[in-house]
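Here the structure comes first, spelled out in structure tokens, and everything after it is commentary.
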Amino acid sequence: MDGSVAYHIAAGLGDVLEPFVFVAVLAAASLHASWNAMVKVGLDRFSSIVLLALSGLGISLVLLPFFPLPAPAAWPFVIASALIHVCYKLSLVKAYEHGDLSQVYPLARGAAPLVVAIVSAVFLGEVTTLTKVLAILSIGLGVCLMSVKGGAMGRMPPKALGFALITAACTASYTLVDGMGARLSESASGFIIMLTIVDGLFTTTYAFATRGKTVFARLAPAWRSGVAAGAMSLASYWIAVWAFTQAPIALVAALRETSVLFAMLIAVLFLKERAGVARIAAASLIAGGVVLMRI
């Protein structure tokens with residue numbers, strides 16, 4: 001990346017999360033876990049993703065006239081991110097076909113903050129304090145540990161593990177792309193709205209090309225839950241993209257992954273999945289990381 005561009009992307013940011021940003025990202029984390037739970041329990045997984053994309057597309061088209069378009073420099077990031085998001089959703093759906101929410105979701109998210117921290121430090125110059133590095137490590141490791149079932153990662157089905165790791169790579173990739181794109185866009189709101197529109201178009205085009213028009217006919221009975229999930233997904237990531245413009249990407253990415261705590265509660269209370277000692281220990285690591293984030 002050109003040095004001047006990298007400087008522009010990272011310029012003007014401190015190494016802390018302000019209280020309002022901190023609380024906002026935690027709220028985004030709870031919304032993110034909620035829409036993921038809807039994908040798990042709604043229609044078949046692929047149809048759920050298509051419905052989610054259509055809902056986000058519709059909501060964003062309604063909002064489009066009220067926000068400025070992203071600056072020209074951000075458009076390559078919009079297109080790249082939309083493609084990565086499609087890969088993320090498809091791999092997440094495949095992972096859910098082979099594993100539990102409380103296994104797949106943490107592993108799919110946990111590796112991302114560690115990768116983001118390294119890449120943003122090397123290429124964006126976002127060097128943070130030792131305490132913040134420990135916070136990122138604590139949250140990332142806690143999130144990964146959360147996917148352990150019965151104390152042994154080997155209990156996780158191999159296909160679920162593979163697709164969860166692919167999803168994790170996509171998570172790290174779109175986090176970095178969106179963080180850079182939002183900072184270049186001159187409007188975080190315009191960036192997320194256009195990203196959701198392009199993502200929705202890509203996802204529905206893929207669905208039509210691979211499944212035909214019948215895939216859309218199955219969505220009608222679940223449109224209410226689809227709109228709700230789409231609204232939560234859009235709101236969750238809107239907050240995150242805005243936060244990328246207010247604080248280092250790695251800190252926002254790590255704090256956002258506290259969504260696994262909300263996901264675990266949803267899985268245990270509503271999906272009747274089991275939580276053991278390993279996940280309690282993981283929750284403690286994540287909580288410790290959140291505390292370090294505020295020191």
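For reference, positions follow the sequence shown, starting with 1. Reckoned from all heavy atoms, side chains included, excluding hydrogens, waters and symmetry mates.
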After noting the C-alpha distance and the side-chain angles of Asp199 and Lys89, does the key distance pass the side chain to side chain contact (heavy atoms under 4.5 Å, CB included) rule?
CA-CA 10 Å; Asp199 177 13; Lys89 288 182 286 188; 2.9 Å; yes
With side chain to side chain contact (heavy atoms under 4.5 Å, CB included) as the criterion, how do Leu251 and Leu255 come out once you've worked through the C-alpha distance, each side chain's angles and the decisive distance to 0.1 Å?
CA-CA 6 Å; Leu251 296 185; Leu255 185 60; over 6 Å; no
Could you walk me through whether Tyr237 and Tyr174 pass the ring-ring contact (aromatic ring centres under 6.0 Å, His included) test, one step at a time?
CA-CA 11 Å; Tyr237 206 53; Tyr174 75 63; 5.6 Å; yes
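Hydrophobic clustering of Ile, Leu, Val, Met, Phe, Trp and Tyr side chains at less than 4.5 Å, counting indirect connections, keeps Ile239 apart from Ile59. No continuous path of ILVMFWY side-chain contacts below 4.5 Å connects Ile197 to Val62, so the two sit in separate hydrophobic clusters. If you chain together hydrophobic residues whose side chains sit under 4.5 Å apart, Ile166 and Val86 never meet in one group.
Ala247 approaches Arg183 most closely through the heavy-atom pair O-NH2, 3.0 Å. When all heavy atoms of Ala240 and Val252 are compared, the pair lying nearest together is O-CG1, 4.1 Å. Taking each heavy atom of Val25 and Ala243 in turn, the nearest pair found is CG2-CB, 3.7 Å. Scanning all heavy atoms of the two residues, the minimum distance from Gly181 to Ala74 falls at O-CB, 3.5 Å. Taking every heavy atom of both residues into account, Gly230 and Ser55 meet most closely at CA-CB, 3.9 Å. Nearest heavy atoms, Ile192 versus Thr196: O-OG1, 2.7 Å.
Distance check: Ile193 CD1 to Leu234 CG gives 7.5 Å after rounding to the nearest 0.5 Å. Of the inter-residue distances, the one linking His85 atom NE2 with Thr203 atom OG1 reads 9.5 Å to the nearest 0.5 angstrom. The distance from atom CG of Leu90 to atom CZ of Phe163, rounded to the nearest 0.5 Å, is 10.0 Å. To the nearest 0.5 Å, atoms CG (Leu64) and CG (Leu69) are separated by 6.0 Å. Interatomic distance, Ile79 CD1 to Ile84 CD1, rounded to the nearest 0.5 Å: 11.5 Å. Rounding to the nearest 0.5 angstrom, the gap separating the OG atom in Ser173 from the CG atom in Leu83 is 12.0 Å.
Taking the side chain as every heavy atom from C-beta outward, Leu63 and Trp238 approach each other to under 4.5 Å. Val78 is listed as a side-chain neighbour of Phe191, based on a closest heavy-atom distance under 4.5 Å. By the 4.5 Å heavy-atom criterion applied to side chains, Thr175 and Phe244 are counted as neighbours. In this structure the side chain of Thr245 reaches within 4.5 angstrom of the side chain of Trp242, judged on heavy atoms.
Of the possible polar contacts, none joining the Ser236 side chain to the Met232 backbone as a donor-acceptor pair under 3.5 Å is found. No donor-acceptor pair under 3.5 Å is formed between the side chain of Ser60 and the backbone N or O of Leu57.
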